[in-house]
Amino acid sequence: MTDFASLLVPDRGQQARPVDLVDKDSFAAWLKKRPAEDRALLEAQRFDGKTAYAFAILPRGNEFEVVSAVKNATELSPWCLAALAGKLPEGTYKLAHGQPGKAALGWLLAQHRFDAYRSKKDDSERGPRILVSGEPARIEATVRLAQATALVRDLVNTPAADLGPAELEAAAAGLANRTGAQLNVIGGEELAVGYPLIAAVGAAATPERAPRLIELEWGKPEDPRVAIVGKGVCFDSGGLDLKNASGMRIMKKDMGGAAHALALAQLVIENRLPVRLHLVIPAVENAVSGASYRPGDIVRSRKGLFVEIDNTDAEGRLILADALAKAAEGQPELIVDFATLTGAARVALGPDLPATFVNRDDLAGELEAAAREAEDPIWRMPLWDPYDEQLKSDVADLSNTSGNAMAGAVYAALFLRRFVPSDIPWAHLDTWAWRDSAKPGRPKGGEALGLRAVWAFLEGRYLQG
Ligand code: BES
Ligand code: ZN
Ligand code: ZN
């Protein structure tokens with residue numbers, strides 16, 4: 001993993017190449033103050049201060065200065081230095097005015113590569129470093145955020161053949177070993193008895209890829225209990241209601257919710273948030289075999305509700321039902337779950353906005369405010385009561401689909417709500433965990449979407465209290 005910590009350097013007055021930021025409003029005045037030779041060089045590089053992420057180089061003897069256009073030079077976004085950080089040569093840089101602030105995150109993430117499957121690795125040992133002054137704790141917090149984001153990207157990008165339930169378990173075990181958190185994994189007969197929905201969805205997988213419930217506990221028992229749950233479908237073929245080729249193509253990412261949950265747990269622990277953390281990851285492969293669960297099967301859930309399987313491709317809500325029931329048994333004061341749950345959430349909101357369902361208005365407001373602050377947008381969708389009855393089954397307590405092509409993300413969330421006691425504040429993020437096209441600092445592929453929002457919320461609620 002990229003050594004992010006070496007790329008944010010405490011400013012002790014070291015030699016550094018200046019990076020001057022300008023935006024389109026300040027450009028004209030800024031240019032006037034530059035000597036004529038700078039103006040000529042900027043013109044030669046067609047630097048007009050307007051084109052987003054454009055930059056130019058001004059020679060200074062054997063060294064050089066960098067000027068870069070940003071959207072708003074007085075309020076830096078997390079990504080406004082990312083294009084630069086991805087292109088500048090090794091060396092030490094420093095903003096000519098002010099501090100990188102939020103943009104330090106993009107500086108780091110632009111230098112992360114997923115190259116485990118490239119025979120020729122990126123040979124640049126170290127990338128550009130940037131000087132930061134102020135609290136060393138701020139640097140550490142940014143480094144942790146970059147590491148958590150990179151963890152999500154790497155886990156999601158890893159092919160399903162190399163990342164099954166056992167490897168998800170290993171990732172959680174790694175976190176537990178590093179931090180002294182307590183790991184508990186349930187499989188086999190105990191899973192079949194205690195978590196029948198998880199066992200049913202995972203039944204078709206080969207023995208090495210057997211389904212399991214991964215739990216991690218950390219923190220003082222007297223601190224407020226917070227549960228984080230993540231959908232860990234290591235590959236979603238759709239089961240017997242098989243997906244078509246294009247629908248299946250990127251389903252290695254169907255453990256993206258688990259990756260978010262694990263990364264959030266890592267942030268909670270590394271920042272020593274004063275909470276009693278309960279991480280719950282149901283990990284399965286939704287495969288096809290003679291042992292597959294079937295449309296029409298009825299499974300008695302952990303909570304006791306009988307669920308009729310209408311479609312085996314609506315597997316995420318099934319494994320989450322048992323995981324949420326388990327999380328609720330601990331009577332936490334908050335449950336947050338992440339899941340790549342529905343295609344319908346993407347139809348509604350596109351790839352960048354996690355559809356967020358919350359059973360408390362005040363909690364929804366706090367989450368939205370934190371998301372804005374973190375510049376990690378989310379969008380609230382309704383747990384629309386009148387639709388709930390559509391989850392009825394002819395023969396069981398409920399069905400795993402509405403049998404209706406509309407409002408799929410809402411039905412999925414309403415299904416989950418049946419397994420969360422109404423007195424526990426709960427937020428469900430239906431996230432895409434993926435980026436279809438690259439942006440500066442954000443390559444195509446696995447992506448954390450909603451992670452920084454929820455982290456900012458938890459930090460605001462528990463760290464500054
Ligand atoms: N993992 C998928 C959701 C998904 C599909 C996310 C495409 C991103 C892109 C999930 O398990 C699923 O297949 N959901 C179905 C539910 C349907 C069968 C009720 C869906 O969304 O089509
Ligand atoms: Zn599915
Ligand atoms: Zn799925």
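Heavy atoms only: backbone and side chains are in, while hydrogens, waters and symmetry mates are out. Atoms within a ligand are numbered from 1 in the order they appear, just like the ligands themselves. Positions are given from 1 along the sequence.
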Within 45 degrees of the ring normal and closer than 6.0 Å to the centroid, is that where the cationic atom of Arg417 sits relative to Trp426?
no

Which atom pair, heavy atoms only, marks the closest approach of Pro211 to Gly202?
CD-O, 3.4 Å

Sub-3.5 Å donor-acceptor pair from the side chain of Thr312 to the main-chain atoms of Asp241, do we have one?
yes

Is it the case that atom CD in Glu329 sees more than 12 heavy atoms from other parts of the structure closer than 6.0 Å?
yes

Is the number of heavy atoms from other residues, nucleotides or ligands within 6.0 Å of NZ (Lys24) greater than 12?
no

Donor-acceptor contacts under 3.5 Å from residues 176-188 side chains, at least two apart:
unit_1	atom_1	unit_2	atom_2	d
Asn177	ND2	Ala173	O	3.3
Arg178	NH2	Gln266	OE1	3.3
Thr179	OG1	Leu175	O	2.7
Thr179	OG1	Ala181	N	3.4
Asn184	ND2	Glu215	OE1	3.0

Lys253 NZ/CZ over Trp432 ring centroid, <6.0 Å and within 45° of normal
yes

One pair per line, please: each N/O atom of ligand 1 matched with every protein N/O atom under 3.5 Å away, atom names first, then the distance to 0.1 Å.
unit_1	atom_1	unit_2	atom_2	d
ligand 1	1 (N)	Lys231	NZ	3.3
ligand 1	1 (N)	Asp236	OD2	3.1
ligand 1	1 (N)	Asp254	OD1	2.9
ligand 1	1 (N)	Asp254	OD2	3.0
ligand 1	1 (N)	Thr340	O	3.4
ligand 1	11 (O)	Lys231	NZ	3.2
ligand 1	11 (O)	Asp236	OD2	2.9
ligand 1	11 (O)	Asp313	O	3.0
ligand 1	11 (O)	Glu315	OE1	2.8
ligand 1	11 (O)	Glu315	OE2	3.0
ligand 1	13 (O)	Lys243	NZ	2.8
ligand 1	13 (O)	Asp313	O	3.0
ligand 1	13 (O)	Asp313	OD1	2.8
ligand 1	13 (O)	Asp313	OD2	3.1
ligand 1	21 (O)	Gly343	N	2.8

Near Glu375 CD, under 6.0 Å, is it more than 12 heavy atoms from other residues, nucleotides or ligands?
yes

Please table the atom pairs, donor to acceptor, closer than 3.5 Å between any side-chain atom in residues 403-410 and protein atoms at least two apart or in another chain.
unit_1	atom_1	unit_2	atom_2	d
Asn404	OD1	Met406	N	2.7

Nearby protein N/O/S atoms (those under 2.8 Å) for the Zn ion (ligand 3), with water ignored
Lys231 NZ, Asp236 OD2, Asp254 OD2, Glu315 OE2

